[in-house]
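Worksheet: one structure, shown below.
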Amino acid sequence: MAGFLVRLVAGCLLAGCWVMGPALAQKQGGILRVTHRDNPPSASIWEEATISTTMPFAAVFNNLVQFDPDSPQNRLDRIVPELATDWQWSDDGRALTFHLRDGVKWHDGQPFTSADVKCTWEMASGKVDTKLRKNPRKTWWFNLKEISTNGDREVTFHLNDPQPSFLVMLAGGFSPVYPCHVPAAQMRTHPIGTGPFKFVEFKQNESIRLERNPDYWKPGRPYLDGIEYTIIANRPTMVLAFVAGKFDLTLTGELTPELVKDVQAQRPDAQCIVQPSNTEGNLLVNRDKPPFDDARIRRAMGLAIDRQAFSDILSHGVYRVGGAMLAPPEGLWGWSKEFMETVPGYGADVEKNREEGRRIMRELGYGPDHMLLLKVSTRNIPDYRDSAVILIDHLKQVYIQGELEPLDSSVWYARLARKDYAVGMNVQGTGIDDPDVMFFENYTCGSERNYTGYCNADLEKLFHQQSMMTDFAQRRQLVWEIDKKLQEDGARPIVFQSQGGTCWSPQVKGLKLAVNSIYNHWRFEDVWLDR
Amino acid sequence: MLSYIVRRLLLMVVTLFGVSIAIFLLLRIVPGNIADILFDSAGLVDPAEKAKIVADLGLDRPIPLQYAQWIGGLLHGDLGYSYVSEKPVLDEILPRIPITARLAGLALLFAICTGVPLGVISAVRQNSWLDYTLRVVSLSGLSFPAFWLGLLILMGFVRYFGSIPIYQQSPASFWTALGLYAVPAAAVGFRSSALITRLTRSSMLEVLRQDYVRTARSKGLGEGAVIFDHALRNALLPVITTIGVETAFLFGGLIVTETVFNIPGVARFLVEAIRWRDYPMVQNLVMFIALVVVTVNLIVDLLYMVVDPRIRYGE
């Protein structure tokens, strides 16, 4: 009997190996063909804040550390070394030391050293002028005091205050290590990295080509011979081309939930995922411009919004309702359902909220016969325009008569800079699902992306307080309270958290997307083609 | 004749000078510049950093000085650098010109090769079912928007052939190129074809009623000789004029067609350049297009003499 059992188990194992065999044997070679939506502004990840640049060029680089590609959720406790071999926090939490990998070379043959790390973050934090045309994430490194090196293989980041999330920001797709010896201008057109793929060509409005780096420091990687991005500005053409099998993968988050259904109907073997796109629709109210300098009006406007209606109309209910932080289960820091019920304007009883809004407006002298007239400015592109139209409809519920003012993108940003708007509908992305990134980038006094100029010194103290906390549960509780306060203050009321779809052909293997960020996991070093 | 050509060439220079001023000023009147767009992509609004970009690109200099620098460079073959790609404009434009030229040429060929014969048939078979069918088809050609027709064609290809005729890489052979450009050329040329069909028909109907056509028939000439040697040649003059005008209109269709079929030509590139307020790129592309249009118009004027020997210039 025992012999039979042994044979049975051995047989099952053999059969299992046979079944699993093909799935485990990665194939070398092939070109991954990816669609791209538009011409990236440049190839320099540090200078841009768009997935159009990050996704195609991330494979050219490495970070010091990265989010574990095998973990779908990007979080502090799932960070693994990349160009660093390990890291150590000092006892006071103010120094973070990395030991660097030996034998890593830049694509032009120069050796990678600690000096590259030092100059990358001196550039990013604005401590030295390196001819960056733009530096959109300078605020991320507000806490960085200095960087020191100890030989070629050790680098230490010295912080003003303890900040556990510093490691999270280093792990994000927006934080690759740049070579010291290559000028910033060249990095915009012909980037040099240490990553699994070398840059070959970037034809404006046409294509981006990468080829396998044969000297990649990770043995046996990458599997692909290259990656080709074809820029197809017309979305229906892009969808049809993917359906026709011309492409293996679509640019991440580019498909609307409805388009994903369309793709799956026309190409049933396509694998698709709809995930948070790290962008949220929010209401901008110019708090310096009367009558919006009155907090009561801003509060009434917030109470008029039916967030679920936005989600239903714009995405058939796929978009999430939440605050500044990404809603669970994908998001780590978003409110629980129970907590959300306690936030004004977020309760399930929309009519009750609106009645409260109308009461406030009546107190201020407005009513059905005396509506507050305003213009709702927004960018003249569908995502913005559609949201603004719904917003105008909702504002009517609290005696506010809005008129849509669609603006060309360049005009929109110029007007934001001058604060030349009354009410605006904005859609904005955030790189990493982390409170430090969200709060310091968007809500601190004087931050460039703090479009409404919201400034609350007491709350800013709490930003710093949560940033120093190491206990996840305690920190999250404080983050929830901060997020609630931001919504109560009408700093920039969040209307919806959008989601986007990505599809790939069944031949694409080893692709692992993150559920709470579209900007990470784009090395493609574990991706292979089964054809 | 020679003096006429010289006069026209001088007029061309004046026209191009006017175009250069118009496009230069229009671009600067349109709200926003490259600095705004760059900041749009990065989501930034810091006026100080924006001002730095404006200064780096020389956009803070006086407008007449900027214009003089551009025109001076243009006359010396220096088209400047693209604000977006930071590469020489010439390097960006040159590879795209043959692509658009092939597409436009093929579209025009399609329009003429289908438009003229169908117009003649429609006129000769006036009020027959064939005439009615051709009139409906030509009316459709004028009514269908190019983007709609292009998408419809793409959907048809995907649905029935499981493939899609879009541009992905430079074709290796003549036949591959022909295969690649044929469908978009037909899509963009359909409108011009329809216009030429209708114009040829009405022009032919008018000529066919002329005395000299009746005389030709009474002399016992065959119907073919009457139509092609006597009627068509005289009916072609307005058609040739239309072809000249259509060359300029074709460019509008090309913008849409290049976008829908993802063809990396000049037309699509121009739209992107305008979106980015890439002044050097837009200015030089517009000048190139203007040069093509005025040249084609000159050729059309000269063609009149070939078609109708009675026309003589400068005498």
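First the proteins, then the strands, lettered A, B, ... as listed; each starts at 1. Quick note: numbers below take in every heavy atom, side chains included, and nothing from hydrogens, waters or symmetry partners.
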Original post:
Looking at B:Lys52, B:Glu92, B:Arg159, which makes the most heavy-atom pairs under 4.5 Å with chain A?
Top reply: B:Glu92

Subject >> Pick from B:Val30, B:Ile34, B:Val260 with the largest number of heavy-atom pairs that fall under 4.5 Å of chain A >> reply: B:Val260

Subject >> Among A:Thr53, A:Ile231, A:Asp38, A:Leu240, residue most engaged with chain B (heavy-atom pairs, under 4.5 Å) >> reply: A:Leu240

Original post:
Which bit of B:Thr259 comes within less than 4.5 Å of chain A, counting heavy atoms only: side chain, backbone, both or neither?
Top reply: both

**OP:** Tell me, for A:Lys138 versus chain B, whether the close heavy atoms (under 4.5 Å) come from the side chain, the backbone, both or neither.
**Re:** side chain

Subject >> N-O pairing of B:Arg96 and B:Glu258 below 4.0 Å >> reply: no

Original post:
Distance-only, no hydrogens or angles: does the B:Gln66 side chain make a donor-acceptor pair with backbone N or O of B:Arg61 under 3.5 Å?
Top reply: yes

Subject >> Structural part of B:Arg268 lying under 4.5 Å from a heavy atom of chain A >> reply: side chain

Original post:
With respect to chain A, which residue among B:Val84, B:Asp56, B:Ile263 yields the maximal number of heavy-atom pairs within a distance under 4.5 Å?
Top reply: B:Val84

Just distance, no hydrogens or angles: give the donor-acceptor pairs under 3.5 Å from side chains in residues 282-293 of chain B, sequence neighbours left out.
from     : atom 1 : to       : atom 2 : distance (Å)
B:Gln283 : OE1    : B:Arg28  : NH1    : 2.8
B:Gln283 : OE1    : B:Arg28  : NH2    : 3.3
B:Asn284 : OD1    : B:Trp70  : NE1    : 3.0
B:Asn284 : ND2    : B:Leu79  : O      : 3.0
B:Asn284 : ND2    : B:Pro280 : O      : 2.6

Original post:
So what's closer than 4.5 Å to chain A heavy atoms on B:Ile53: side chain, backbone, both or neither?
Top reply: side chain

Original post:
Testing A:Glu48, A:Arg133, A:Glu47 for side-chain hydrogen bond (donor to acceptor under 3.5 Å, both in side chains) with A:Ser42, which one passes?
Top reply: A:Glu48

Subject >> Side-chain donor-acceptor contact under 3.5 Å, A:Thr189 with B:Glu86 >> reply: no

Original post:
Do you know which of A:Asn282, A:Asn278, A:Thr279, A:Ile494 makes side-chain contact (heavy atoms from CB on, under 4.5 Å) with A:Gln428?
Top reply: A:Asn282

Original post:
Does any heavy atom of chain B fall under 4.5 Å from the side chain of A:Phe242, the backbone, both, or neither of them?
Top reply: neither

**OP:** Hey, can you tell me if A:Phe174 and A:Tyr519 have their rings parallel, tilted or perpendicular (30° and 60° cut-offs)?
**Re:** tilted

